[in-house]
There are 2 protein chains.
Amino acid sequence: MSDTSAPARGAATLHDVAREAGVSLATASRVLNGSTRKVADSYRERVEAAAEKLGYTANLSAQATARGTAAIVALLVADIADPYFGQLAAGVARGADEAGLVVTIAITERDPQREVRLVRALRGQRPRGLILAASRTEGTDAAGLDAELQAFTNMGGRVAVVGPGGGSARHVALDNRGGAAALGAELARLGYREAVVVAASEGIRTSDDRVAGFTQGFASGGGSVREVRRGGFTRDAGYETAQQLLADGLPEGTVVFGISDVVAIGVMSAIRDAGRQVGADIAVAGFDDIATGRDIRPGLTTVHVPLEELGYRALHAATDPEWDATEPPLPLEVVVRGSTPARA
Amino acid sequence: MSDTSAPARGAATLHDVAREAGVSLATASRVLNGSTRKVADSYRERVEAAAEKLGYTANLSAQATARGTAAIVALLVADIADPYFGQLAAGVARGADEAGLVVTIAITERDPQREVRLVRALRGQRPRGLILAASRTEGTDAAGLDAELQAFTNMGGRVAVVGPGGGSARHVALDNRGGAAALGAELARLGYREAVVVAASEGIRTSDDRVAGFTQGFASGGGSVREVRRGGFTRDAGYETAQQLLADGLPEGTVVFGISDVVAIGVMSAIRDAGRQVGADIAVAGFDDIATGRDIRPGLTTVHVPLEELGYRALHAATDPEWDATEPPLPLEVVVRGSTPARA
DNA sequence: TTGTAGGCGTTATCAG
DNA sequence: CTGATAACGCCTACAA
């Protein structure tokens, strides 16, 4: 057990391993990394033993510069503390792990300028793929972003965007419109006739699609959307928007559709803080079905989106050379909970 | 606007920039990256213009191999979909961004074996620092982990662990014991006398400390912990453990202390699903103060932990050469909400 | 099957 | 202040 030569400074290099095993660099490289195996077993064993003994770990950076591309997938999200992105990221991480890829993460903070900057920075890593899950923000410097994305694909990277998006990127789409329509229809069936929607700024596709879908579905069931108030995609935006709504007067029996669960939860809190009741008094519905929706009371009616699976698919869209763009879209499903009780 | 030479394949290299600007590689490198600046302005401008024109982005991998260390910080968490880790990660990401570092993330899934494997894999990136936020799991292959960590520090990396931990790593500690004690004391003051705690397996420091602190604080106020039930750190573990507890009979007026908010939220749901009421009937308290606790009803009484700040500090502990280990611990504060009403 | 040598994009040393 | 040039650690034809 006498460790003779624990490398004092710096990690063990392939060179060290080769020397220790008494073989050439090439041979060591082949057994430790190269895919196509064709090394004599005796050598192979010696190398593996040496590597183990020295605690060798391939220097990914060196490998990357040599190969020209790194075993990395970059993930861009608006806010990693947001459960929506958290669950999505979990799916991405799972897929990456399976594929032997490292996940690099960056936060846009919903700032278009930052987004462009980050894409450019991530480009420096020469990742195999880039996943854009940062709900394309407003004022979007669309041109700048597209240019950056273009540069990325030009150098051989793939980009996948979650949700609607433009350009030549691969999309992992959700049927936002259809899901919202189904939700609207269901609410109408439950007896609601008046709705207000709390959305994000106009121009954000995800928001627009959900608003349009909901409006249509709700109308098809005989209901009508009285108003669309614009806020943002956060819990606080939902809270504040709802506060104003309440101040302006919100009739009993109205259902408020929050563009996302996070927003809807903010709405619920505002309603309660205003001394009103969620459910029988004012109903609330959301979209996404984040885990929290299960634990609040009343439970939040929403459209279930398989977030984790969505992330998993995005990972593949961003890294699989032979990705099947025709794969059927993920099934969305409305789930009714206590926040929208049937109306007499 | 006629882009003359958009590099058809592959990204623009420093070499390209130098040629385009008519200077040497060294000069180009100095203006674009090197820290100590001493390049004539005329040259500097030419280089910057060329870089801009070519859309040049330094190849981080190449930089890393040349420098010997990458501008990367690796983050290891148990589950990124868990809001606790999500908020923590947000803090890490913020700090990293400020420091010009890229964040690489890996998920342990609370599996000790995986944890060791991941640390070894991350080591391959030669990151400047490594942040361990994966509540050291049970059966922990402590030896294997420590060896891996040791190897990492030996090659010049710093490792920071969030919460209690062993070895030579830097710690960003929480006063779990003190916080829990304060919570226990407060609950006793509110009139509670009987408590049950839903904890994680014995041997997990964070859990053990909170249990011990709570027990002591509660006792100091005249209360007594009737039982400690072991589950895990997840919402579902909390739910299931509470189910059993309820099946075994839980007297009115008991307060259930969930080792973490996530667990406590599971407990709350179980209580409700069993037809009991959270608050007046059975009280519930947690620990961490994740964002969700604000939006559920009744609000969850808990110990506030500045999660985002915790992550921010961890980032610095893992990357700042001159980190001040004596920095005062983050202040914890108990916040009482509706889940633990004062008892008559 | 194995080894030799050249190259990947940057940095850093050391003369001019 | 600038420019050759040798590393950095690894991969990969190409040759033996």
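As the structure is a prediction and not an experimental result, all values here were calculated from the model. In the text below, chain A, chain B and the rest are named by the order of the sequence lines, each starting its count at 1. FYI, side chains are in, hydrogens and waters are out, and symmetry mates aren't considered; it's all heavy atoms of this structure.
Counting only heavy atoms from C-beta outward, the side chains of B:Lys38 and B:Arg30 never approach each other to under 4.5 Å. In this structure, A:Arg158 and A:Thr153 have side chains that are not in contact, with every pair of non-hydrogen atoms separated by 4.5 Å or more.
Heavy atoms of A:Thr65 sit under 4.0 angstrom from at least one base atom. No engagement by B:Ala64 is indicated, since no non-hydrogen atom pair under 4.0 Å with the nucleic acid exists. At a threshold of 4.0 angstrom between heavy atoms, the contacts of A:Ala40 are confined to the sugar-phosphate backbone, with no base atom among them.
Going from atom CZ of B:Arg30 over to atom C1' of C:dA12 covers 9 Å, rounded to whole Å. Rounded to whole angstrom, the span from the CE atom of A:Met155 across to the C1' atom of C:dC8 amounts to 14 Å. Here the P atom of nucleotide C:dT10 and the OH atom of B:Tyr56 are 4 Å apart, to the nearest Å. Rounded to whole angstrom, the span from the CG atom of B:Leu60 across to the C1' atom of C:dT10 amounts to 11 Å. Between the CG atom of B:Leu32 and the P atom of C:dA12 there is a distance of 14 Å, given to the nearest Å. Per the geometry, CG belonging to A:Leu14 stands 14 Å off P belonging to C:dT4, to the nearest Å. The interatomic distance linking B:Arg46 (CZ) with D:dT2 (C1') rounds to 12 Å, in whole Å. In this entry the distance linking CG of B:Asn59 with C1' of C:dT11 reads 13 Å, nearest Å.
For the OP1/OP2 pair of C:dT10 and a distance below 4.0 Å, the side-chain nitrogens and oxygens of B:Asn33 include no atom meeting the criterion. Taking side-chain N and O atoms only, A:Thr27 has a distance below 4.0 Å to OP1 or OP2 of C:dG3. Not one side-chain nitrogen or oxygen of A:Gln63 sits closer than 4.0 Å to the OP1 or OP2 atom of D:dC10. Close to C:dT10, at under 4.0 Å from its OP1 or OP2, lies no side-chain N or O of B:Ser61. OP1 or OP2 of D:dC10 has not a single side-chain nitrogen or oxygen of A:Ser29 nearer than 4.0 Å.
Each of B:Thr27, B:Asp41, B:Val23 was scored for a side-chain contact (heavy atoms from CB on, under 4.5 Å) with B:Arg46, with one residue passing: B:Val23.
Within 6.0 Å of the CD atom in A:Glu327, the count of heavy atoms belonging to other residues, nucleotides or ligands exceeds 12. Counted within 6.0 Å of CD on A:Gln113, heavy atoms from surrounding residues, nucleotides or ligands total 12 or fewer; the atom is thus considered open.
Out of C:dT11, C:dG3, D:dG3, the shortest distance to the side chain of B:Ala66 is found at C:dT11. Distance from the side chain of A:Leu25 is smallest to D:dC10 among C:dG9, D:dC10, C:dG3.
Nearer the 5' end of DNA chain D, as judged by each residue's closest nucleotide, is the contact made by B:Val23, out of A:Thr13 and B:Val23.
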